[in-house]
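Reading through the structure tokens given below for one structure.
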Amino acid sequence: MAKLSAIASIAALGSALAAAGCSNVLGLKDPTFNDTGHDASIDAPADAPIDMGPGACVPANCQFGCDTATNMCRPARLWVYLTIGSFNGSGFGGADTPPDVRLKADALCFDTFTQSFMNRACTQTRTHAILTATGADSIQLMASTYSIPTAAEVDRADDGTIVFNNWNDLTDSTKAPRAAVASATTAPTDADGIVWTGFGISGASNCTNWTSKVSTVLGGQGHTTNTTSAWLNTGSDRCDFLQRLLCVCWSGGN
């Protein structure tokens, strides 16, 4: 009788071990399936590079590039400013042989940028004189010729004041500036606000396509402290007079 009771006890213990997932023979857990195709990397993901976090700015995805201070896209801005130097009607490329007015005028604008407005992060290929250089290279055609972003607001480079809602407003002869295009700091007197523009005037009248500095020849001018719709074309001036250039620049994504 005692023998039968012992056998029953052993059988009960075996059933309990089986229910617990243990081997009836060894008293150990049954082996589990080995998933040889398992990707161990999902168990402990590697740290992402510090410059690739969720909030990292990708320059190629930002039309105006990244702001290194905030690691975010820069706001859409065009910056306008006056050149440091003043020039006669052939003083920005027209005196060269052959004349290259656009190349020289843009280079003069970028030179002023590097001296005064580096904080605006413009690039040389995105810096241009706001100038009708020739009949085929007019202010009205600059947006398409130089890929100027036409939806961005236009601000003064020296103090950030908005002067136009966008580039199309700037070139629209029926639109007045929201504020003077040049501030009192950069154009402290009436004469200092005058710039060569050639806006709306034929090349022959623009100091002979900006190749003449003769007093009897005239070139189209604008006035950057004039806040009427005529500010880009306030008349003509003698080509031997010295005037500055008005520039536009912007940053980019690459």
Common cluster, L108/F241, ILVMFWY with side-chain heavy-atom separation under 4.5 Å: no
Pairs flagged by salt bridge (charged side-chain N to carboxylate O under 4.0 Å, His left out) wherever residues 229-252 is involved - sequence neighbours left out: R238-D240
Any donor-acceptor pair under 3.5 Å from S251 side chain to F64 backbone: yes
Backbone N/O of G193 and side chain of T224: donor-acceptor pair under 3.5 Å: yes
Residues in salt bridge (charged side-chain N to carboxylate O under 4.0 Å, His left out) contact with D192, at least two apart in sequence or another chain: none
Under 3.5 Å donor-acceptor, W210 side chain and G198 backbone: no
Nearest atoms (heavy-atom pairs only) where A187 meets T225: CB-CG2, 3.9 Å
Within 6.0 Å of CD in Q140, more than 12 heavy atoms from elsewhere: yes
Side chain to side chain contact (heavy atoms under 4.5 Å, CB included) between T234 and Q221, intermediate numbers included: CA-CA 6 Å; T234 55; Q221 66 177 29; 3.6 Å; yes
C73/C57 sulfur atoms closer than 2.5 Å: no
Check: S116 side chain, F113 main-chain N or O, donor-acceptor pair, under 3.5 Å: no
Separation between CZ of R74 and SG of C66, rounded to the nearest 0.5 Å: 7.5 Å
Where I201 and S236 come nearest, the two heavy atoms and their spacing: CD1-OG, 3.9 Å
Whether T112 side chain and C109 backbone form a donor-acceptor pair below 3.5 Å: no
Heavy-atom side-chain contact between C239 and V214 under 4.5 Å: no
Near-ring test W231/F164, centroid separation under 6.0 angstrom: yes
Minimal non-hydrogen separation, W79 against R120, with atom names: CH2-NH1, 3.4 Å
Test applied, side-chain contact (heavy atoms from CB on, under 4.5 Å); reference residue, L246; option that passes from I130, I194, L131: I130
Stepwise side chain to side chain contact (heavy atoms under 4.5 Å, CB included) check, T132 with I139: CA-CA 5 Å; T132 291; I139 290 174; 3.7 Å; yes
Any donor-acceptor N/O pair, H223 side chain to D190 backbone, under 3.5 Å: yes
Side-chain heavy atoms of L82 within contact of C247, under 4.5 Å: no
Heavy-atom check, side chain of T208 versus side chain of V217, under 4.5 Å: yes
Option among N165, T227, D169 that satisfies the side-chain hydrogen bond (donor to acceptor under 3.5 Å, both in side chains) test with R178: N165
Donor-acceptor contact below 3.5 Å, side chain T127 vs main chain T123: yes
Spacing of OG1 belonging to T150 relative to CG belonging to N168, to within rounding of 0.5 Å: 5.0 Å
Exam field: side chain D155 to backbone R77, donor-acceptor pair closer than 3.5 Å: no
ILVMFWY cluster, Y81 and M118 together (side-chain gap under 4.5 Å): yes
All pairs passing side-chain hydrogen bond (donor to acceptor under 3.5 Å, both in side chains) where residues 85-104 contributes a residue, at least two apart: N88-S90, R102-D106, R102-D137, R102-Y146
Exam field: side chain R126 to backbone C249, donor-acceptor pair closer than 3.5 Å: no
T83 side chain reached by L245 side chain, heavy atoms, under 4.5 Å: yes
Distance-only side-chain donor-acceptor flag, N226 / T228, under 3.5 Å: yes
Audit row: D159, S183, side chain to side chain donor-acceptor pair (under 3.5 Å) steps and yes/no: CA-CA 8 Å; D159 62 6; S183 67; 4.6 Å; no
Heavy-atom pair with the smallest gap, counting every atom of L141 and S144: O-OG, 3.1 Å
Close side-chain approach of Q63 and P149, heavy atoms under 4.5 Å: yes
Check: D172 side chain, T174 main-chain N or O, donor-acceptor pair, under 3.5 Å: yes
Within-4.5 Å side-chain heavy-atom neighbours: Q115 and I84: yes
V154-V181 co-clustered via ILVMFWY side chain contacts under 4.5 Å: yes
Connected via hydrophobic side-chain network under 4.5 Å: V101 and F110: no
Hphob cluster co-occupancy, L78 + F199, side-chain heavy atoms under 4.5 angstrom: yes
Proximity of F87 and W196 rings by center, below 6.0 Å: no
